[in-house]
Amino acid sequence: MQQFEGQPVSELVAIRRDKLAELRQGGADPFAVTTYGVTHHSAQILQDFENLEDSEVRIAGRLMSKRGMGKVLFCDLSDRDGKIQLFIKQDVVGEADYSVIKKYDIGDIVGAEGTVFKTKTGEVSVRAAKVTLLAKSMLPLPEKFHGLTDTDLRYRQRYLDLIVNPDVKKTFVTRSRIITAIRAFLDARGYLEVDTPMLGTIAGGAAARPFITHHNTLDMDMYLRIATELHLKRLIVGGMEKVYEMGRIFRNEGMSIKHNPEFTTIELYEAFTDYNGMMNLTEQLIASVARDVLGTMKIAYQGEEIDLTPPWRRITMTEAVKLYAGIDFDTLTTDEQALAAVKAAGLSPDAKMSRGELLNFCFEARVEEKLVQPTFILDYPVEVSPLTKKKPDAPELTERFELFITARELANAYSELNDPFDQRERFMRQMLLREKGDEEANMIDEDFLTALEYGMPPCGGLGIGIDRLVMLLTDSYSIRDVLLFPTMKPLDK
RNA sequence: GGGCCAUUAGCUCAGUUGGCAGAGCACUUGACUUUUAAUCAAGGUGUCCCGCGUUCGAAUCGCGGAUGGCUCACCA
């Protein structure tokens, strides 16, 4: 191990430090460069070669490979859009410059000006007249052929992943386009995008454990939001009629290939419609985003063909459990009957579960995994839906649906409960659960109840997990593959 | 939290029965004026994840630990 200013560094690093010192001594400190006027990007030159042949261009990017041929040097320069080959000839750049350029390392940030041409083998390239080092790379990049495969390192050092694994950049470009397409879809339908607090004294709107933080001046604990629901419904009370918020929420729960502690959702609320309206909107939204971004509504996810062409299958939870689990809840009228039937089917429910909780339990245990093609599951039990209107003809159920694709929950929507008395009772029931130790039960939000007392129009609400939608549309295996910087345990602990 | 697997050069990975620590890429030097993972010649890669133990001798065997992956559980 070599030493550098007292620090041990690998031979590869020591060589680069020597090169930097040499450049600085020659008055060419690469880190002193401030600007470089770029005229073209790689993709543009490759696509528009017909028109650009023989014209002058200035390009810049990262040096990804070098193929020296004596007095000629071929390099691949990687920029925002991809790669383009640089052709550097001693005759053209001059002997002095050529010997400097030959010492550039893979990973260096380089600018080049020259003319567009095609090599003997037909590759569109830039014949460099002048090459400038814009920043020195002091660390060796991962291997050029295999790239960086260690998933842990890829997530921890995403910049390296982006440099050496081109498909990664593609996923995040697609993510950005999906989000843009969602906004365009909603904005075109008269929705208003709003921002509501991430920091509050009540974490409501979902069943989840929150992150707790502390405000120093007020000297009080606060929560990071676990949903945007209760604030957005206040805006419906306020008369905004169609609102949405796309943003980060935080849940202090387990991590898995489908769960990250912070993730992005979109919630939208529309006055004077119900969950049927939300179902139509969901179908239209996801199908049109797929069409706009991917150019098709037939996609592949992990080898499975998924057809997003509307209309999608709609089936009630009771029907689905009958169909897939063979338990007919229509014939089970009491909690005891339901418990016995569920146990007889070979499941192990908690003995304290009510009929509605047992229906939901059977659905999660036996049905979810079978819902590969887009499927709306309708009419959830009231016990698991504390913010949802009851079905007028079946008060043990609610006007709620969840959307499943590839056996995963992608969206959750309902006819919003606007009866302040009923809402208070539901909160009270949640409070009892909380007192019994259920840390995920909803907290009572008095101001939200006050808002409902002023009157909220009938209203449909919808939430979509953006990360899961991006996973679906980019064929990503893990949620970590659609988050640039997924939550990671620190290395030094 | 349980089970299984992995950790060796900057990166990707071999490493036999316990017997000198290896390859490719990258790097250095040299040759080469149209290469495509360029080629050819020569050269050095190192806390074998950490600790303890067994042994004449440990990357290899045992025990404990760390980190990660997969999986089950948990988690709308």
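Side-chain atoms are counted along with the backbone in the values below, which use heavy atoms only and exclude waters and symmetry mates. Chain letters run A, B, ... following the sequence lines, proteins first and then strands; every chain starts at 1.
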Margin query: Considering every strand and a 4.0 Å limit on heavy-atom distances, what is the contact class for A:Arg480: base, sugar-phosphate, or nothing?
Written below: sugar-phosphate
Notebook entry, point to check: So what does A:Gly147 hit on the nucleic acid, given a heavy-atom distance under 4.0 Å: a base, only sugar-phosphate, or nothing?
Noted result: sugar-phosphate
Next item on the list: Fit a plane to each ring of A:Phe404 and A:Phe363, take the angle between them on a 0 to 90° scale, and name the class: parallel (under 30°), tilted (30 to 60°) or perpendicular (over 60°).
Entry: perpendicular
Margin query: Students often get this wrong, so: under 4.0 angstrom with heavy atoms, is A:Val164 touching a base, only sugar-phosphate, or nothing?
Written below: nothing
Margin query: So A:Tyr380, base contact, sugar-phosphate only, or nothing? Heavy-atom distance under 4.0 Å.
Written below: nothing
Notebook entry, point to check: Base, sugar-phosphate, or nothing: which does A:Tyr477 touch, judged by heavy atoms less than 4.0 Å apart?
Noted result: sugar-phosphate
Note to self: Within the 4.0 Å heavy-atom criterion, would you say A:Asn360 contacts the bases, only the backbone, or no part of the nucleic acid?
What the structure shows: nothing
Checklist line | No-H, no-angle donor-acceptor pair, A:His259 side chain to B:C75 base, under 3.5 Å | finding: yes
Item checked: A:Val131 side chain near A:Tyr104 side chain, heavy-atom distance below 4.5 Å -> yes
Notebook entry, point to check: What does B:G53 pair with, Watson-Crick or G-U, if both distances are under 3.5 Å?
Noted result: B:C61
Check: Using a cut-off of 4.0 Å on non-hydrogen atoms, how would the nucleic acid contact of A:Lys144 be classed: base, sugar-phosphate, or nothing?
Finding: sugar-phosphate
Check: Is there a Watson-Crick or G-U wobble partner for B:A31 with both distances under 3.5 Å, and which nucleotide is it?
Finding: B:U39
Margin query: Between B:U35 and A:Gln85, counting only base atoms on the nucleotide and side-chain atoms on the residue, is there a donor-acceptor pair under 3.5 Å?
Written below: yes
Note to self: Taking the basic N atoms (NZ, or NE/NH1/NH2) and the acidic carboxylate oxygens, is any pair closer than 4.0 Å for A:Arg355 and A:Asp335?
What the structure shows: no
Checklist line | Of the listed nucleotides B:U12, B:A76, B:A38, the one nearest the side chain of A:Glu409 | finding: B:A76
Check: Between B:U28 atom P and A:Glu11 atom CD, what is the distance in whole Å?
Finding: 9 Å
Margin query: Does A:Gln90 reach a base, just sugar-phosphate, or nothing at all? Heavy atoms under 4.0 Å.
Written below: nothing
Margin query: Given B:U28, B:C11, B:A37, identify the nucleotide with an atom nearest to the side chain of A:Ile15.
Written below: B:U28
Next item on the list: Measure the distance from CG on A:Leu141 to P on B:A9 and round it to the nearest whole Å.
Entry: 18 Å
Check: With distance as the sole criterion, do the side chain of A:Thr149 and the base of B:U12 form a donor-acceptor contact below 3.5 Å?
Finding: no
Notebook entry, point to check: Of the candidate nucleotides B:A26, B:A37, B:C11, which contains the atom at the shortest distance from the side chain of A:Glu143?
Noted result: B:C11
Check: Which part of the nucleic acid, if any, lies within contact of A:Lys118, taking any heavy atom under 4.0 Å across all strands shown: a base, the sugar-phosphate backbone alone, or nothing?
Finding: nothing
